[in-house]
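This report concerns only the one structure given below.
Remember, predicted model here, so these are calculated numbers, not experimental data. In what follows, residues are counted from 1 in the order of the sequence shown.
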Amino acid sequence: MGKVISFINQKGGVGKTTMAFNTAFALAQKGKKVLAIDLDPQANLTLLFEAKNNYNLHHLLINSIKELKMIHVPAMLSEILHYSKGNAVVDLIPGGQELSGFDLTVAGINAPRQLILRKFLEINTLKERYDYIIIDCPPTLGLLVINALCASDGVIIPFKADDFSQKGLEHFYQVLSDISDMGIVKSPDIVLHVPNLVDLRRKQENDDLTKIIEIVDQEIGEGKVFSPFLNKAGLVKSLSGRKSVFDFKGQEFTDLREKFTGIAEKIEEWANVRQQ
């Protein structure tokens, strides 16, 4: 049974899409079957895959709700799935701006609104078809993200080392507790926190990062914070070329490839323990 992992932070600009994109390819490099899902109305993950479809995830989710049959569209998953090129293949269910209206579209249904994505994955047996499903979430804690959390086995939290992230993490932990209290599904595990865009030359960032690590160690347990990603030009170069860091062989990408491979290894370790 495959594992669903959401990359999530209610704060924007922390590198969720970058992390999700390259981690998906890191897992694919290790021979895993990987599906990426773009849950963000901004659809930046879809842009990185250069996927162009008339329909996207929003339409597939609406099509999966019988109560909304009057607004179903003639779109099937097999027609919308986008396949990447190269040695390591990652499939994608594209996102689109239509997702911004998801909350309103499903507001009047009787079925549990927080379980729509989970049911969609079940109906299409996607956890049986893939080893890992990576979800790139929007920078909110709205209904789309609640759907992602209810569908996920684990979460990875990219963050910037600042005071805002510290407060945001505490809020997010409360959201996970609220999901558990609902009693409908088990709240996902926290697989990793990933400090991103870190400038270790700045004393304030070092101090903030140290404080956040202390909070995570106390709230979640030790070993749940990955080594920092520095603010490097290589990531910008890869993203502008719509490629993962594994598509570049230059020395400047060696450290980045090793870092994302390290995240993939942490994910595999977590998945193996969860299956026991």
(message) Under 3.5 Å, is there a donor on one side chain and an acceptor on the other for Glu268 and Asn272?
(response) no
(request) Dump the intermediate steps for side chain to side chain contact (heavy atoms under 4.5 Å, CB included) on Ile116 and Phe102, then the final yes or no. (result) CA-CA 11 Å; Ile116 294 171; Phe102 178 76; 3.7 Å; yes
(request) Evaluate whether atom CE of Met182 has more than 12 neighbouring non-hydrogen atoms of other residues, nucleotides or ligands under 6.0 angstrom away. (result) yes
(message) Within the 4.5 Å heavy-atom criterion, are Asp247 and Ser238 side-chain neighbours or not?
(response) no
(request) Would you mind listing every ring pair (Phe, Tyr, Trp, His ring centres under 6.0 Å) that reaches into residues 24-61, with sequence neighbours excluded? (result) Phe21-Phe25, Phe21-Phe49, Phe25-Phe49, Tyr55-His59
(request) Supply the atom-to-atom distance Leu99 CG to Ile62 CD1, rounded to the nearest 0.5 angstrom. (result) 9.0 Å
(message) As an exercise, state the distance from CD1 of Ile263 to CG of Leu27, rounded to the nearest 0.5 Å.
(response) 9.5 Å
(request) Sequence neighbours left out, what pairs pass side-chain hydrogen bond (donor to acceptor under 3.5 Å, both in side chains) with at least one residue falling in residues 218-227? (result) Ser227-Lys259
(message) Is it true that Asp207 and Thr210 share a donor-acceptor pair across their side chains at a distance under 3.5 Å?
(response) no
(request) Decide yes or no for Ile93 and Leu126: does some side-chain heavy atom of the first lie under 4.5 Å from some side-chain heavy atom of the second? (result) yes
(request) State, with a plain yes or no, whether a side-chain heavy atom of Cys150 is found less than 4.5 Å away from one of Leu117. (result) no
(message) Pair Asp208, Gln204 - check side chain to side chain donor-acceptor pair (under 3.5 Å), show working.
(response) CA-CA 6 Å; Asp208 287 338; Gln204 187 61 52; 3.0 Å; yes
(message) If the condition is side-chain contact (heavy atoms from CB on, under 4.5 Å), which residues does Val4 pass it with, not counting sequence neighbours?
(response) Leu121, Lys127, Ile133, Ile135, Ser152, Asp153
(message) Does any part of the side chain of Val14, heavy atoms only, come nearer than 4.5 Å to the side chain of Val194, both counted from C-beta?
(response) no
(request) Would you indicate whether the side-chain heavy atoms of Phe229 and Thr18 approach each other to under 4.5 Å? (result) no
(request) Heavy atoms only: give me the nearest Gly108-Glu67 pair and the separation to one decimal. (result) O-OE1, 4.5 Å
(request) Measure the CD-CD distance between Glu265 and Glu258 for me, rounded to the nearest 0.5 Å. (result) 10.0 Å
(message) On a heavy-atom basis, which atom in Asn56 and which in Gly96 lie closest, and how many Å separate them?
(response) ND2-CA, 3.5 Å
(message) Quick one, Asn53 and Thr46 - any side-chain contact, counting heavy atoms below 4.5 Å?
(response) no
(message) Distance check, rounded to the nearest 0.5 Å: Asp181 atom CG versus Gln174 atom CD?
(response) 8.0 Å
(message) What I'd like to find out is whether the side chain of Leu47 reaches to under 4.5 Å of the side chain of Arg242, using heavy atoms alone.
(response) yes
(message) Quick check on the hydrophobic clustering: are Ile5 and Leu45 connected, directly or via other members, by side-chain heavy-atom contacts under 4.5 Å?
(response) yes
(request) Please tell me if the side chains of Asn147 and Leu143 come closer than 4.5 Å, counting only heavy atoms from C-beta onward. (result) yes
(request) Answer yes or no: is there a donor N or O on one side and an acceptor on the other, between the side chain of Arg129 and the main chain of Gly2, under 3.5 Å? (result) no
